[in-house]
Amino acid sequence: MTVEIHVDGRVAQGRLTTFAQGLERYLEYARDHGYTLPRVLQGLSGPMNSVRLVYTYDDLSAYEEHEARTLQDTGYAAAASAMEFVEGTITYSLFRTVE
């Protein structure tokens, strides 16, 4: 059973360039440290400056391992916070693939 985690957030008006720079730093850190890399979607409708990061895992335990590891890694937290989502706008949704 494949699972996806969708992380939705909003970037402040006028800050998309800053977000893109932070995203590059985050992706570089994640890649260099063996973390799952997300697909990154930018909203074309709905709330202005919405962004969705979509992480795919083979199963729920792989996601749980990833999360446990990120909680121990202060470098990961610093890299993720560089994306500068508007505070209070981040939501997490968990989906499973139905086959």
Side-chain angles (χ1 to χ4, degrees):
M1 164 187 61
T2 302
V3 297
E4 288 187 356
I5 306 302
H6 292 216
V7 179
D8 294 303
R10 193 171 51 77
V11 178
Q13 187 172 349
R15 304 292 291 175
L16 285 174
T17 300
T18 303
F19 168 80
Q21 293 165 345
L23 175 64
E24 284 303 315
R25 287 193 301 274
Y26 168 73
L27 293 174
E28 181 179 341
Y29 186 90
R31 188 179 305 107
D32 290 349
H33 291 83
Y35 287 103
T36 298
L37 297 175
R39 286 181 303 141
V40 181
L41 307 173
Q42 186 174 7
L44 298 177
S45 65
M48 188 172 202
N49 294 341
S50 61
V51 175
R52 175 175 288 179
L53 307 178
V54 180
Y55 298 84
T56 303
Y57 301 92
D58 291 334
D59 54 37
L60 196 52
S61 66
Y63 163 66
E64 290 171 344
E65 289 172 20
H66 175 108
E67 283 300 296
R69 189 170 158 222
T70 64
L71 293 173
Q72 305 277 330
D73 186 346
T74 56
Y76 183 92
S81 67
M83 289 184 278
E84 296 188 25
F85 283 107
V86 172
E87 189 172 333
T89 66
I90 295 177
T91 61
Y92 292 78
S93 301
L94 173 64
F95 296 90
R96 71 179 173 103
T97 302
V98 179
E99 297 178 27

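Below, all heavy atoms of this structure are taken into account, side chains as well, without hydrogens, waters or symmetry copies.
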What closest approach, in Å, do G14 and N49 show between heavy atoms, and which atom pair accounts for it?
->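 Taking every non-hydrogen atom into account, N-ND2, 4.4 Å.
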I would like to know whether E67 and Y55 meet side-chain contact (heavy atoms from CB on, under 4.5 Å); could you show each step before the answer?
-> CA-CA 11 Å; E67 283 300 296; Y55 298 84; over 6 Å; no
Pair L94-L60, side-chain contact (heavy atoms from CB on, under 4.5 Å): steps then yes or no | CA-CA 9 Å; L94 173 64; L60 196 52; 3.9 Å; yes
Validation row: Y26, V40 side chains within 4.5 angstrom (heavy atoms) =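 The answer is no; the side chains never approach within 4.5 Å.
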Are any of the side-chain heavy atoms of L23 and M83 separated by less than 4.5 Å?
->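 Side chain of L23 against side chain of M83, heavy atoms only: contact under 4.5 Å found.
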Could you walk me through whether Y76 and H33 pass side-chain contact (heavy atoms from CB on, under 4.5 Å), step by step?
-> CA-CA 9 Å; Y76 183 92; H33 291 83; over 6 Å; no
So is R69 actually on top of Y35's ring, under 6.0 Å and inside 45° of the axis?
->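 Geometry flag: set, cation within 6.0 Å and 45°.
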Please tell me whether [X] and [Y] are part of a single hydrophobic cluster in this structure, the criterion being side-chain heavy atoms less than 4.5 Å apart.
X   : Y   : result
L16 : L41 : no
I5  : V54 : no
F19 : I90 : yes

Steps toward side-chain contact (heavy atoms from CB on, under 4.5 Å) verdict (E4, R39) | CA-CA 11 Å; E4 288 187 356; R39 286 181 303 141; 4.0 Å; yes
Assess whether atom CG of D32 is packed by more than 12 heavy atoms of other residues, nucleotides or ligands within 6.0 Å.
->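 Atom CG in D32 is packed in, count exceeds 12.
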